[in-house]
Amino acid sequence: MVNIPKGTKDVLPADSYRWQYIEGAARKIAARYALKEVRTPTFEHTELFNRGVGDTTDIVNKEMYTFLDKGGRSVTLKPEGTAGVARTFIENGMAGGVLPAKMYYLTPAFRYERPQAGRLREFHQFGVEFFGASAPEADAELILLVDSFLRELGISSLSLRLNSIGCKHCRPKSNEAPRDYFRPHLSELCETCRSRFEKNPLRMLDCKEEGCRQIAAGAPRILDYLCDDCASHFESLKAMLTENGVRYEIDPNIVRGLDYYSKTVFEFVSTAIGAQGTVCGGGRYDTLIENLGGSPTPAVGFAVGIERLILLMQNTGVPFGEEPTVTVYLAGMDEPSRKKAFAIAQELRRNGISAEIDLMGRSIKAQFKYAGKTGAKYVAVIGSNELENGVMSVKNMSTSTSETVAFPDAVKYFK
Ligand code: ATP
Ligand code: MG
């Protein structure tokens, strides 16, 4: 037999309600913040990610699923959601429409990474993007949205880490300070850090290698090099979060993996799911749209990793709502009563009630056993006596009490 590819996972029928629960909560929160859903293709021209994610990132350098299609074009399975959404914003002229353009997505994403707990090759994201708003209110609203989403799900164990990495005005200074700091340590740093020294020294601050981390701990804080505009943006954001009851920690080493971030960056982090603790990452990327060929448009967004969210909920005992079970199982004793059960099941379903009958030719005893296993709320039994009297005997499986219900009353009874 052919097995599932490494780093991918099936969602089995018994577990899919968990996914639906989370996706339902995501859609509900999105609607409350007046967002509409956007869907972009699973693959894009490779060039989009080279420019929109950035060529100093791990994603572009090592993680993309890139291949030539039969027409010889280089295409890539989306490694994240933002670049495609930014493309659609530009391509559909949304900058000339109603701004801010606020949208959300639920999407698979593909990265060629070493699979481990919380790290897959195909994973899923719930993401939100706001285009057109430069005010700190937009950053605050976005963070509050994530916070409400997590609360809605019953998650309270995540901590919000916040930082500002400045803009292109503060970048020359905020790049030079870490360079001066890291220069004497270059030989002790990992290869990736050394390669970032010239191109993107800020990324050296959030390297995950232990040796690099220890050195980075003493590095100068980007926060001390912000220009006035970035500094006041950050102050307003922090004040709004505090006023609205969101607790945060300043983490000067958060830089985020993508090249296009500016000003605000944030992560929601867990200690309950192992080494891959970042459940949500986001921030502002005011230069992305311009870099992709659109007119300059500020933007801010985030993405939550759904597999990590599920892992967190499992590990911390947060329930996934109720596993749905069928309302009524109709058991027929003989051929004529099975026919009747079949017809009543159809009538119940037409009236919005979930119903199940035997499709396996099982004995009445085995039908009861099946209904018990699948958690049916009621079992309605029809035998030759019942058929003659036009009734069924309905057992409430949680109280074990039984009642006789006339066929014409079935819909009313189960509704
Ligand atoms: P990490 O620090 O884990 O490498 P990242 O910075 O690459 O994450 P983003 O590109 O910001 O991650 O993606 C947003 C979210 O998507 C992450 O916070 C995480 O929850 C999830 N995610 C990213 N990569 C993976 C993966 N390979 N498997 C599962 N979830 C992932
Ligand atoms: Mg990564």
Side-chain angles (χ1 to χ4, degrees), residues 35-69 71-105 107-111 125 127-135 138-139 142 165-172 175 196 198-200 202-203 229-230 233 255-265 281-303:
L35 312 182
K36 292 196 173 136
E37 184 181 4
V38 59
R39 300 188 189 196
T40 64
T42 302
F43 61 90
E44 299 269 2
H45 293 297
T46 302
E47 179 66 15
L48 176 71
F49 302 115
N50 290 344
R51 286 168 59 187
V53 177
D55 52 16
T56 69
T57 61
D58 286 347
I59 294 181
V60 168
N61 283 328
K62 355 179 213 194
E63 297 171 0
M64 295 208 300
Y65 274 91
T66 297
F67 56 95
L68 292 180
D69 70 8
R73 300 169 206 91
S74 178
V75 293
T76 296
L77 301 182
K78 56 164 107 165
E80 50 91 64
T82 301
V85 176
R87 179 201 47 71
T88 204
F89 174 84
I90 299 169
E91 197 163 350
N92 292 288
M94 291 187 213
V98 183
L99 293 178
K102 299 182 287 186
M103 51 196 102
Y104 77 95
Y105 57 80
T107 185
F110 307 86
R111 297 185 194 176
Q125 292 184 332
V128 169
E129 318 285 357
F130 291 175
F131 296 104
S134 58
D139 312 41
L142 199 81
I165 57 168
C167 65
K168 54 178 181 244
H169 302 298
C170 7
R171 202 52 55 80
N175 274 346
R196 284 175 174 155
E198 281 307 328
K199 269 183 160 172
N200 192 356
L202 290 187
R203 280 305 311 277
D229 177 41
C230 288
H233 186 99
V255 177
R256 306 287 314 130
L258 314 184
D259 276 358
Y260 50 64
Y261 282 94
S262 53
K263 290 189 172 152
T264 314
V265 285
R284 182 166 275 288
Y285 36 89
D286 289 344
T287 56
L288 173 66
I289 296 292
E290 203 178 340
N291 287 346
L292 290 175
S295 50
T297 307
V300 55
F302 72 79

Identify the heavy atoms of Ala109 and Pro79 that sit nearest to each other, and give their distance.
CB-O, 3.6 Å
Side chains of Phe43 and Thr76: closer than 4.5 Å at any heavy-atom pair?
no
At what distance, to the nearest 0.5 angstrom, does CZ of Arg256 lie from OG of Ser262?
13.5 Å
Nearest non-hydrogen partners of Leu288 and Ala86, listed with the distance:
CD2-CB, 3.8 Å
Residues two or more places apart in sequence or in another chain: which of them pass side-chain hydrogen bond (donor to acceptor under 3.5 Å, both in side chains) with Thr264?
Asp139
For the NZ atom of Lys102 and the CZ atom of Phe131, what is their distance to the nearest 0.5 Å?
13.5 Å
With sequence neighbours left out, what residues match Ser74 under side-chain hydrogen bond (donor to acceptor under 3.5 Å, both in side chains)?
Thr46
Set of side-chain hydrogen bond (donor to acceptor under 3.5 Å, both in side chains) partners for Asp286, sequence neighbours left out:
Arg284
How close do Pro172 and Lys168 get, heavy atom to heavy atom, and via which atoms?
CD-O, 3.3 Å
Taking all heavy atoms of Leu202 and all of Arg171, pick out the closest pair and write down the distance.
CD1-NE, 3.6 Å
Counterpart residues, side chain to side chain contact (heavy atoms under 4.5 Å, CB included), relative to Phe110 (two or more places apart):
Thr42, Tyr65, Leu77, Pro108, Glu122
By salt bridge (charged side-chain N to carboxylate O under 4.0 Å, His left out), Lys199 pairs with (sequence neighbours left out) none
Could you give all pairs that pass the salt bridge (Lys or Arg N to Asp or Glu O under 4.0 Å) test and reach residues 91-101, with sequence neighbours left out?
Arg87-Glu91
After noting the C-alpha distance and the side-chain angles of Val255 and Val265, does the key distance pass the side chain to side chain contact (heavy atoms under 4.5 Å, CB included) rule?
CA-CA 7 Å; Val255 177; Val265 285; over 6 Å; no
Report, one line per pair, each donor and acceptor closer than 3.5 Å where one atom sits in a side chain of residues 290-299; sequence neighbours left out.
| residue | atom | partner | partner atom | Å |
| --- | --- | --- | --- | --- |
| Asn291 | ND2 | Thr287 | O | 3.4 |
| Thr297 | OG1 | Ser295 | O | 2.7 |

Scanning both residues in full, the closest heavy-atom pair of Ala133 with Pro100 reads CB-CB, 4.2 Å
What I'd like to find out is whether the side chain of Val60 reaches to under 4.5 Å of the side chain of Asp55, using heavy atoms alone.
yes
Within the structure provided, determine whether Met64 and Ile59 are in side-chain contact (heavy-atom separation under 4.5 Å).
yes
Can you give me the closest heavy-atom contact between Met94 and Thr88, atom names plus distance?
CE-O, 3.7 Å
Output all residues satisfying side chain to side chain contact (heavy atoms under 4.5 Å, CB included) with Ala303, sequence neighbours left out; order by chain, then residue number.
Tyr105, Gln125
Side chains of Phe89 and Val38: does their closest heavy-atom pair fall under 4.5 Å?
no
For Phe302, which residues count as a ring-ring contact (aromatic ring centres under 6.0 Å, His included) partner, sequence neighbours excluded?
Phe126
With sequence neighbours left out, what residues match Tyr104 under ring-ring contact (aromatic ring centres under 6.0 Å, His included)?
none
Contacts of Lys78 meeting side chain to side chain contact (heavy atoms under 4.5 Å, CB included) (sequence neighbours excluded), chain-then-number -> Thr40, Phe49, Thr107
Which residues satisfy the salt bridge (charged side-chain N to carboxylate O under 4.0 Å, His left out) test with Lys263, sequence neighbours excluded?
Asp229
